[in-house]
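Okay, structure first, notes after.
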Amino acid sequence: MHNKAQAAMEFLLNYGWAIMVVVIVISASAYFGFLSPSNFAPERCAVTLPFNCDGGTAGEDVAGIALENVGGRDLTVKSVTFTSEALLGECTANVNIQIKNGEEQTIYADDPVGCSHVGGKGKNKYAVKITYFYAGSGIDQQMVGEMVAKFGGAVSGGVGGGVTGAVAHWAFDDLSNGRIIIDSAGSYDGTFFSSVNLDATLGDGTCAAGAGSCPASLAGQAGYGNALSFDGVNDAVRATIAGTKTTYAYRADDGSGWKHYATAGATQYVNGNPQAYTNVHYMVNGNDVAIGGPILEPDDVSGLQLWLRADAGITKTGVNRVTLWEDQTTAGTYDVAPPNVGAEPLWVDNYVNGKPAIYFDGNDHLWSSVNFPAGDKTIIVVAKSASGPDRAMLSTDPDDPIDGWALYRWNNGNKWAVRAYGVGGDAFAPDNSVNTNWHIFTGKVDDYVSAGDDGEIRLYVDAVSVATDAALTEPTKPNTLYVGSRDDWSHFWTGHIAEIAIYNKLLSDSERRAVESYVGAKYAIPVTGGFSHFPGEIDEFRVYGTALSQSQVQQDMNKYPLKDVVASYSFEHLSGTGPTKATDTRFIVQGQKGGALQLKSANSEYVMLGDVLDFPGTSPYSLSLWANPSSGNPSYARLLAKDDEAAVRDGYAVLLSNDATKYRFERWAGGAGTGKDSVTAATAGVWASAIGTYDANNIRLFINGNQEAAGPSTGSMEDTSASLRIGRSASTYFSGLIDEVVIYDRALTDAEAQALGS
């Protein structure tokens, strides 16, 4: 007994300190969450119909979930809420994002408070509540699920709040019919992003029908796919985006090199650093966002009562005398015409910046047979004066009683003016301001209502305020509208008029500048303080509903897309406009991510991409794709290949193995080939990610994100004249589905391959 006690005591003396250390470590690990039971649980995601879950993610201030709609009908997810002991609060994404039947979206919630992780940084369990409704029903429904996600894990893509998901994102990598640009965030595509004057095209050197002129082939910043090129004269595109728009982030190159720009609330950033810059890249007016130029036409601003354009709605005689000038507003109420024979002005083609104008010779004018209403007015006229005193370019009849307004040249002939008739006054530009140049004249007449109303009238010339006065009476009487005179018998205009827009309200400064910028660009009239057209390229344009922090701006700068992409074919929007596009709609089916390319070897179907991307010598590269083979494929069926298949072969390929049961990656250099087969089977009807990388020394093959084969390949690869092909070798064809083909000019890392293949 004594010996046993002595032995026990000696054991404690010798090893007790170690036991105490272990106990302390275990206690500390438990305290800090390292031994949380959830850390040992597998990552999982469990939801019920109408959704499948394809994984979850969690970060410093974010949680996300990948949802697939399997409910048989299109639906809209209104919100996703995450709750967890690991979160500081309730983490919610209010998104209103449509998920079509069979499609998948990753939805992120981003909130520096509610989504902040306060527990351990390992795996955490989250309860997920999804609020949604089916298309056409409008009735909200809820589904509650659960996910276990690793902190710092990644789910690619996504929409939602903050930097993890833009409200809208245009990568400019796909054009549909040359007129519609696809929103890569999935919220604003189709007719939501339409072009009024799009002369730019994409960088494949093709020009779709209706796209305008064909500029030189252009690509975006290296690694960011295609961009749009703007000529600085009249190129622009417009999106209509409802709701909150707080941050605009994009890449632009004005010829001095690509930079990342962001305006987040009141702060501007260049390449991720706070730096003020003059924004000539985009403009915003309400829900309209114009990229590249001021394309907000007069009818894009509310309150338009009359719109006359010399380039539209003109009826004329054989000698170009105008007999009718039609109102271009939707209502079309106030057409104007000569009041009598002999009063017809002259239509002159190609007179101002290639556009027509109407010439009034001092004896002719036009009028509306429908009385023009009184009230607040903003009048915008593009005109050019000839010599002579007291001429009215536009007015409402001031007779009996004296009531109305006019834009005119004062009777001494040397200054411009806007008048509110009655006991009111005139707002005069400075003396000797009149000249024979083209100008944009804007008059604002505030309908006097009460003593508390300032009743102001104001005159702008080329967007600059030049005069103000007080209108002391209320011009309330509807009157005849005259173009080119004050009335039937006096003050006839001598000069040209190209465009007129009248609003039944006082435009805000931003609205006024938008319209003045539009007509200024249209007629090449310099507009002080206006928005000019941008000459250069713009890419990866995103709009966020929150003001990003500096760190989030920097994340945005590095997030979209994975850098160093040199070619990308998603098969989401095939337009049949060039050699890089499939032209038959039967090629497009539901794929791993959106649309996929369907190829049938029996029909000898494949896509030819041309003699591109040789990667000569020992240049590194990576090939990434998803494949779903059919049964009965031939030996060595090519999925993606550029190899000459000559006796002394050069090139590369991702293909099927000799017996078509495995995936394979090959690199040939001067006739010496290195090829590696996968461990994973190439199973018919089963999607798999196949990635081949070469780092100048070794080739590696990843299947579903995991490296399955590797080997040395050091020979120098020669340029070949072989075409880069999808789905074909020299004599055989692949049968099955191929999706998300991406080529990089570097070797992907293990983490990147895992992210792409998971």
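For clarity, every value in this text was computed on a predicted model and none was experimentally measured.
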Any salt bridge linking [X] with [Y]? Criterion: basic side-chain nitrogen under 4.0 Å from a carboxylate oxygen.
| X | Y | value |
| --- | --- | --- |
| Asp695 | Arg700 | no |
| Glu708 | Lys662 | no |
| Asp643 | Arg725 | yes |

Looking just at side-chain N and O atoms, do Thr131 and Gln142 make a donor-acceptor pair shorter than 3.5 Å?
yes

So, for [X] and [Y], which heavy atoms are closest and what is the spacing to 0.1 Å?
| X | Y | answer |
| --- | --- | --- |
| Ser729 | Arg638 | CB-CD, 3.7 Å |
| His117 | Cys115 | ND1-O, 3.2 Å |
| Leu548 | Thr247 | N-OG1, 3.1 Å |
| Val648 | Gly671 | CG1-N, 3.6 Å |
| Val70 | Leu49 | CG2-CD2, 3.7 Å |
| Ile699 | Ser713 | CG2-CB, 3.8 Å |

Working note: Tyr652 + Tyr694, criterion ring pair (Phe, Tyr, Trp, His ring centres under 6.0 Å); need CA distance, chi angles, decisive distance, verdict.
CA-CA 10 Å; Tyr652 53 80; Tyr694 175 63; over 10 Å; no

Could you tell me if the side chain of [Y] sits less than 4.5 Å from the side chain of [X], heavy atoms only?
| X | Y | result |
| --- | --- | --- |
| Thr714 | Thr618 | no |
| Ile691 | Val654 | no |
| Leu623 | Phe665 | yes |
| Ile743 | Leu724 | yes |
| Pro629 | Tyr663 | yes |
| Leu701 | Arg664 | no |
| Phe615 | Asp745 | yes |

Once you round to the nearest 0.5 Å, how far does [atom1] of [X] lie from [atom2] of [Y]?
| X | Y | atom1 | atom2 | value |
| --- | --- | --- | --- | --- |
| Ser635 | Leu656 | OG | CG | 9.5 Å |
| Tyr250 | His260 | OH | NE2 | 9.5 Å |
| Glu68 | Phe51 | CD | CZ | 11.0 Å |
| Arg667 | Lys676 | CZ | NZ | 14.0 Å |
| Leu737 | Ser630 | CG | OG | 6.5 Å |
| Trp626 | Asn704 | CH2 | CG | 5.5 Å |

Donor-acceptor pair, [X] side chain versus [Y] backbone, under 3.5 Å?
| X | Y | result |
| --- | --- | --- |
| Asn69 | Arg73 | yes |
| Asp644 | Arg649 | no |
| Asp614 | Thr720 | yes |
| Asn101 | Asp74 | no |
| Lys125 | Ser84 | no |

side-chain contact (heavy atoms from CB on, under 4.5 Å) evaluation trace for Thr732 with Tyr636:
CA-CA 8 Å; Thr732 62; Tyr636 299 124; over 6 Å; no

What's the verdict on side-chain contact (heavy atoms from CB on, under 4.5 Å) for Met147 and Tyr126, showing C-alpha distance, side-chain angles and the deciding distance?
CA-CA 5 Å; Met147 74 178 192; Tyr126 304 81; 3.9 Å; yes

Before you tell me yes or no, could you show the steps for Val77 and Ile130 under side-chain contact (heavy atoms from CB on, under 4.5 Å), namely the whole-Å CA-CA distance, both residues' side-chain angles and the distance that decides it to 0.1 Å?
CA-CA 7 Å; Val77 174; Ile130 303 167; 4.1 Å; yes

Applying side-chain contact (heavy atoms from CB on, under 4.5 Å) to Asn633 and Phe734, what does each step give before you reach the verdict?
CA-CA 6 Å; Asn633 266 294; Phe734 169 78; 3.6 Å; yes

Passes side-chain hydrogen bond (donor to acceptor under 3.5 Å, both in side chains), Thr693 versus Ser622? Steps please.
CA-CA 4 Å; Thr693 72; Ser622 297; 5.0 Å; no

